[in-house]
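Structure, as C-alpha cells:
Chain identifiers are assigned alphabetically (A, B, ...) following the order of the sequence lines, protein sequences preceding nucleic acid strands; residue numbering begins at 1 within each chain.
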Amino acid sequence: MSYDPAAIEEQWRDRWAETGRYEADPADADDATFVTVPYPYPSGAMHLGHARTYTVPDVYARYRRQRGDDVLFPIAWHVTGTPIIGAVERLKKREPEQMRVLTEVFDIPEDRLEELETPMGFARYFIEEHYKSGMEGLGLSIDWRREFTTNDDRYSKFITWQYETLYERGLLEKGLHPVNYCTNEQQPVTTHDLLEGEEAEFQEYTLITFAGEDAVYPMATLRPETVRGVTNAYVDPEATYVRAEVDGDAWIVAEAAVEKLRLQERTVDVLETFQGETLVGRRLENPVTADEFLVLPAEFVDVENATGVVMSVPAHSPDDYVALQDAKEHADDLTTYGIDPAEVRAIEPVPILDIEGYGEIPARDAVEEHGVTGQGDPALEDATQELYNREFHEGRLHDEYGEFGGEIIEDVRDDLKEHYRERGAFDAMYDFAEEVICRCGGDVEVAYQDTWFLRYNDEAWSEKAHRAVERLDAIPENTAEQYDHTIDWLEEWPCIRNYGLGTRLPWDDEFVIEPLSDSTIYMAYYTIAPGLRDIPLDDLDREFFDALFYGPDAVDDPDERALELREEWQYWYPVNYRCSGNDLIANHLTFYLYHHAELFEEDEWPEGITVMGMGLLEGKSMSSSSGHVLMPGEAIEEYGADTVRFFLLNSAEPWQDYDWREEQVESTHRGLSRFWNRAEELIEETADTPDDRPELTDIDRWLLSKLQATVREATDALDRFETRTASQAAFYRFEEHLSWYRRRADLDRPAAKWVLRHVLSTRLRLLAPFVPFLANELHERLTGESAEDLPWPEVEPELENPQIETEEELIGDLLDDVADIVDVTGTDPDEVSLYVAADWKRDVFETVATHAVETEGAPNAGQVMGDVMSDPALRERGNAVNDLVTDLADVVRGRSEDDLALLREIDERTVYDRAAEVVAAEYDADVTCVDEDASDDDKAEAAIPFRPAIRLA
RNA sequence: GCGAGGGUGGCUGAGCUAGGCCAAAGGCGGCGGGCUUAAGACCCGCUCUCGAAGGAGUUCAGGGGUUCGAAUCCCCUCCCUCGCACCA
C-alpha cells in the first residue's frame with residue numbers, strides 16, 4: 001500500500017485521544033519537563049503562520065518523552081481585551097469587510113453567525129472550529145484537560161491575587177496618560193478601532209508661550225531648541241480663533257484647539273471668538289530673547305493641528321524659509337492688514353545652530369540643494385526631512401544658549417525643553433500629525449486619562465529581571481542581550497483598559513487588566529487548572545493563593561487544598577522552555593521574566609526561552625484580512641500532517657523565518673512518500689530476519705558507524721531546539737549514507753537485512769518527534785511497538801568505527817578520480833589498473849605525518865625535506881622525493897593527530913583491493929590492483945600514499 | 001537615529017561562533033539518459049570557466065588588513081529585513 005497520510009493519521013489521532021496519551025500528571029520521578037507556548041488569541045482563525053509556534057515545542061515535548069521525562073505541554077485561550085469585542089461589534093453591524101473575512105476567508109456557515117454575536121461565543125467558535133481542530137490535526141501532544149480562557153472566573157481570581165500582590169509591593173502606580181480618545185463615543189479607543197490614521201502616532205509638542213498684549217500665543221513645535229530663531233508667526237486669517245482662559249491664563253488659540261486642550265485636562269473658558277485676520281499684524285514677544293515679531297497671515301496654517309498658531313524659523317525650516325520668501329514677495333498685499341511691507345521685507349532668518357556642510361542659513365542651502373521651486377513642491381519634504389535629521393544629530397547650538405551652547409541638539413533637546421518649561425516659557429500639548437477617525441465616524445483626539453502603570457523602570461525590579469536573564473537559556477544565544485536591552489529601556493507600562501474582557505483591577509473595578517499584563521505568570525495556572533475546578537470560587541482568595549505559591553508558613557491557617565495544589569505546581573515548575581515569537585521579546589517575554597523574578601523564588605524562574613521567526617506564504621507575510629493565508633486544515637488535507645510538520649520544522653531553524661512555497665512543500669511530501677515506500681518494502685521483504693545480529697562485513701560496520709554519528713548529531717541538535725539540523729541529519733543526510741551503502745553492499749545478505757532493519761528502527765525513533773504519524777505507524781509495523789513508546793536512541797560507542805569510515809572515504813576518492821578521468825577523456829575503460837604507492841613513499845609519509853603532528857597540522861616543507869634527505873636511499877631519488885613531500889604535505893595539512901593516526905593504520909592494499917571490485921562492477925571492466933614496484937607501467941610512478949595511480953585502457 | 005539580524009553560484013539555502021578536507025551540502029529550476037503507449041511520478045548523471053588523465057583558472061555585496069593560507073577573523077563602505085511601546 002502506498003503512502004496514504006489521511007488514513008494513518010486519522011487512526012493515530014483517535015488512538016491518542018482515546019488513551020489520553022499526552023495527559024501528564026505528577027509522578028515520583030524527578031524528571032518533569034514543562035514546555036509552553038503563548039496561548040492563542042482566538043479573534044480569528046488559526047492560520048499556518050501560527051502553526052510552527054505550536055509545532056516546535058511539540059517536537060521538544062515528544063523528544064523529552066522519549067528521553068523518559070514526564071512532559072507537560074498544555075494550551076489555553078487568551079481572550080482578554082478589546083479585539084474580540086471589536087470583532088463582534090463589527091459583525092453585529094454586518095460591516096462588509098468583516099463579513100467578507102468571516103464568511104469567505106474563514107468560511108463560517110451562515111447559520112452559525114448568530115452564535116458569534118457574543119464575545120465568548122465568538123471566541124468559542126474559533127477555539128473549537130479552528131484552533132483545537134488545527135492543533136489536533138497537526139498531532140500536537142497537548143494535555144487537553146488543562147485548557148481554560150482568561151475570562152474564566154477562577155483565572156480572574158488568580159490574576160487578582162497577582163495584582164494585589166504587586167500592588168502591595170508598590171509596583172503599580174496611578175497617573176495621567178495620553179491615549180487615543182474618540183470624541184463621539186467618549187471613550188478611549190485602540191488602533192483596531194480606527195478607520196483612518198491607524199498608523200498615526202500622537203506626538204508631544206512643545207508649546208512656546210509667546211506673549212502678546214492681551215494674552216499669550218502658544219505655538220507648537222517639535223524642535224523647541226529653535227526658539228531663538230523665530231522671526232514671525234502665522235495664522236489663518238479665514239479661520240476662527242478664540243481668546244480663552246486656560247488654567248487661569250489668557251491664551252489665543254484656534255477654536256479647534258479648545259476641545260483638545262480640555263481633553264488634556266486643561267480648564268478652558270472661551271472669552272471671545274473672532275476671525276484669524278484680527279490677529280494679523282499684532283506684535284508678540286519671544287519669551288526667551290524678548291525680541292518682538294509680527295503675526296502674518298498664511299493659508300497653509302492648519303488650525304486642526306495643535307494650537308493653530310504657527311511659529312516661523314526660516315533659518316532652519318525649509319518650509320518656513322520658502323514661506324518667508326513668498327511673504328516678502330507679496331508684502332505689498334499686507335497693507336490691507338495695516339502691515340508696513342518694508343517691515344516684512346526686513347525680516348531675515350536668524351540662525352541658532354551650526355552644522356557642517358551647510359552655510360549660515362542651512363534652510364536656504366537645503367532648499368537650493370533640493371531645487372525646491374515653491375511651497376507645494378514635493379522636494380520640500382525631502383529637504384525638510386534631511387535637514388531636520390542632520391541638525392538633530394550634528395547641529396551645535398550657538399553660544400547664546402548659555403549652558404547648552406556648543407552642544408549637539410540630540411544630547412540637549414530634552415534638558416533644554418525642561419529648562420525653559422521650569423521658567424514658564426514653554427508648555428506642552430499632544431496631538432496627531434494627521435487626521436484620525438474612529439470606526440464609529442467620530443473624531444479621535446489625544447486625551448489624558450487616569451491609568452495604572454506597572455513600574456518596569458523600578459530599579460530593584462529591573463535588577464531582578466536582569467538576574468533572570470542571566471540564568472536563562474536564551475535560544476538563540478544572542479537574544480539574551482535583547483532582553484537586557486529591553487529591561488533597560490522599558491519605562492512604565494499602562495496595564496489597564498477602560499473596557500474589554502478579562503479581570504477587573506481589584507481595587508479599582510472600573511478598569512480591566514490588559515492582555516499583556518494578565519499573561520505574565522499564567523503558565524503556573526496550567527499546573528493547577530484541573531484542581532481548581534473542584535474548589536468553590538469564593539474560597540480562591542488571597543490567602544489561598546499565598547498558601548499555594550508561598551507555602552504553609554506564608555499564612556496563618558493554610559488551606560489544605562491549596563497545599564495539595566502547591567505540590568502539583570512545584571512538580572512542574574519552573575517552565576523549562578517557553579517557545580514564542582521573536583517579536584514578543586520587547587514586551588511579553590520580558591514581562592514574563594519581570595513577573596516571575598518578582599513573584600517567585602529563583603528556582604521557579606524561567607529556565608529557557610526559544611524565540612521563533614515568522615512564517616511567509618510564497619514569500620509574503622500571511623494576513624487573514626487580505627486573504628493571503630493558508631489554514632492548517634487545508635494544508636493537512638492536501639499533504640497530510642506529517643508533511644506540514646516536516647516542512648515547518650525542516651525548512652528553517654525555529655528562529656529563522658520560513659517560507660511556505662508550494663513547490664518546496666511538494667518536494668517534502670515526495671521525500672516522505674519515498675521514505676514510506678522504501679520502509680514498507682523493507683519491512684515486508686525482511687519480515688523473517690532473525691533479531692540476532694549476524695556476522696557483519698566492513699560496509700555494514702560502516703553504515704552502523706554513520707548511524708552513531710547521526711544519533712549524536714540529532715540529539716545534540718534537539719537539545720538546542722535546532723529542529724532543522726536534527727531532522728536534516730536523521731532524514732536527508734542519512735539517505736546519502738544509505739545510497740552509498742546500496743552502492744557498496746550486497747543487500748541480499750542476512751547481515752544487510754538485519755542492518756537495514758536496525759537502521760530503520762533507529763531512524764524512526766529519531767524522526768518520531770517530527771513526523772509522529774508516519775514514524776509510529778512504520779515502527780509498529782516493523783517491530784510491533786510504536787516509536788514513541790520506545791526510548792530515544794543512544795549512541796553505541798562500540799559501533800563507532802572511524803577506521804572504516806576513513807577507508808570508505810579513500811574508496812570514494814578513488815571512485816571520484818576514476819570517474820573524473822573517464823569523464824575528461826570520454827573513454828569507457830575495459831581495463832583499469834590501480835597502482836598502490838611503494839613502501840618508500842609510505843616511509844616519507846610517516847616522516848611528513850610526524851612533522852604534521854608536531855606542528856599541529858602545518859608542516860614546514862623545508863624541515864621535512866631535511867629529515868627525509870638524511871636517508872641516503874631517499875636522497876638518491878632526488879626530485880621525485882621533493883615532489884612527493886609537497887604532495888603529502890597537502891594530504892596531511894589540517895588533519896588532527898587522531899586523523900593522522902587513522903591514516904597510518906591503514907593498509908592500502910586491502911583497501912584498494914576492495915575498491916577494485918567496486919570499480920570492476922561499475923564500469924564492467926577488468927580491474928587489477930598491484931604495487932607500484934611490481935609494475936613496469938610508467939604510470940605507476942604517479943602513485944602517492946592514499947592516492948593510487950590509475951591507468952585506463 | 002537606536003537596537004537586532006542579514007548580504008553565498010539561475011532561485012532557495014547550508015557553511016561562517018573552533019580559518020585549510022570549499023568550486024562551496026541539500027532542495028527547486030534547467031539539461032541529458034533510463035522507465036513508460038504517453039504525461040506525471042520514480043531512478044541515474046550533468047549544471048562557474050577551460051581542459052582528450054585524475055588538472056588549472058576565477059568566485060562567496062564592495063574595499064582594505066591579519067595569515068603560509070579566509071566565504072570563514074579584524075576594519076571601513078554600500079545595501080536589505082525586523083523591532084522602537086500602550087497594538088495583540
Side-chain angles (χ1 to χ4, degrees), chain A residues 2 38 40-41 43 78 80-84 177-180 188 190-194 198 201 388-390 392-394 410 449 451 453-454 456 476-479 481-482 484-486 488-497 500 514-517 519 581-588 590 613-614 619 621 650-653 655-657 659 661-664 666-668 670-671 673-674 677 724-725 728 731-733 735-736 739 809 813-814 816-827 829 857-861 889-896 899 939 942 947-952:
Chain A
S2 66
Y41 204 95
S43 59
H78 200 191
T80 307
T82 56
I84 291 175
H177 193 78
V179 297
N180 295 353
T190 69
T191 319
H192 289 278
D193 301 321
L194 302 181
E198 275 186 75
E201 277 178 26
Y388 278 23
N389 253 325
R390 298 275 314 268
F392 180 60
H393 296 293
E394 297 164 44
E410 182 174 11
Q449 289 279 302
T451 300
F453 297 93
L454 280 163
Y456 289 132
E477 270 174 49
N478 60 32
T479 52
E481 56 182 299
Q482 295 188 52
D484 280 327
H485 183 258
T486 304
D488 291 335
W489 161 84
L490 273 171
E491 305 275 341
E492 298 185 309
W493 182 265
C495 61
I496 53 149
R497 291 296 124 83
E514 63 88 38
L516 281 166
S517 300
S519 56
N582 57 14
D583 52 330
L584 294 178
I585 291 176
N587 47 52
H588 169 259
T590 301
M614 57 188 282
S621 56
N650 185 266
S651 63
E653 297 292 4
W655 43 90
Q656 300 172 320
D657 292 351
D659 187 0
R661 286 178 190 260
E662 191 138 324
E663 227 170 41
Q664 310 277 339
E666 243 149 49
S667 140
T668 301
R670 283 201 297 274
S673 303
R674 200 156 45 227
N677 293 338
R724 176 182 155 82
T725 303
Q728 199 82 15
F731 195 76
Y732 293 109
R733 218 110 31 90
E735 283 297 319
E736 290 172 36
S739 116
E809 253 175 63
D813 289 347
L814 180 84
D816 285 346
D817 276 348
V818 172
D820 225 1
I821 300 168
V822 167
D823 201 37
V824 167
T825 59
T827 52
N860 178 306
D890 273 344
V891 173
V892 301
R893 183 167 295 137
R895 286 192 194 256
S896 70
D899 252 8
K939 193 84 196 173
R947 187 155 208 201
I950 301 164
R951 159 80 71 190
L952 303 188

A:S667: what forms a side-chain contact (heavy atoms from CB on, under 4.5 Å) with it, not counting sequence neighbours?
-> A:R670
Whole-Å distance separating the CG atom of A:N180 from the C1' atom of B:rA85 | 13 Å
Between the protein and nucleotides 13-16 of chain B, list the N/O to N/O atom pairs that are separated by less than 3.5 angstrom.
| unit_1 | atom_1 | unit_2 | atom_2 | d |
| --- | --- | --- | --- | --- |
| B:rA14 | OP1 | A:Q656 | OE1 | 3.4 |
| B:rA14 | OP1 | A:Q656 | NE2 | 3.3 |

Can you figure out which of B:rC28, B:rC87, B:rG26 approaches the side chain of A:R497 most closely?
-> B:rC87
Take nucleotides 41-46 of chain B nucleotide by nucleotide from the 5' end and write B, S or -, depending on whether a protein heavy atom sits under 4.0 Å from the base, only from the sugar-phosphate, or from neither.
-> SSS---
To the side chain of A:E663, which of B:rG29, B:rA52, B:rA88 is closest?
-> B:rG29
d(CD1, A:I585; P, B:rC82) in whole Å | 16 Å
Could you check if a side-chain atom of A:Y456 sits within less than 4.5 angstrom of a side-chain atom of A:T590, using non-hydrogen atoms only?
-> no
Taking only residues two or more places apart in sequence or in another chain, which ones pass side-chain contact (heavy atoms from CB on, under 4.5 Å) with A:L584?
-> A:P38, A:S580, A:N587, A:H588, A:L589
Taking protein heavy atoms under 4.0 Å as touching, what does nucleotides 4-12 of chain B look like 5' to 3' if B marks base contact, S marks sugar-phosphate-only contact and - marks none?
-> SS-------
When the nearest nucleotide of RNA chain B is assigned to A:I950 and to A:Y41 on a heavy-atom basis, which residue is associated with the more 5' position?
-> A:I950
Just call it for A:P829: base, sugar-phosphate, or nothing, with non-hydrogen atoms closer than 4.0 Å on any strand.
-> nothing
With the side chain of A:I821 defined as its heavy atoms from C-beta on, choose the nearest nucleotide among B:rG55, B:rA53, B:rC84.
-> B:rA53
Stems in RNA chain B: runs of 3 or more consecutive Watson-Crick or G-U pairs, distances under 3.5 Å?
-> B:1-7 with B:78-84, B:10-12 with B:26-28, B:29-34 with B:42-47, B:48-50 with B:55-57, B:61-65 with B:73-77
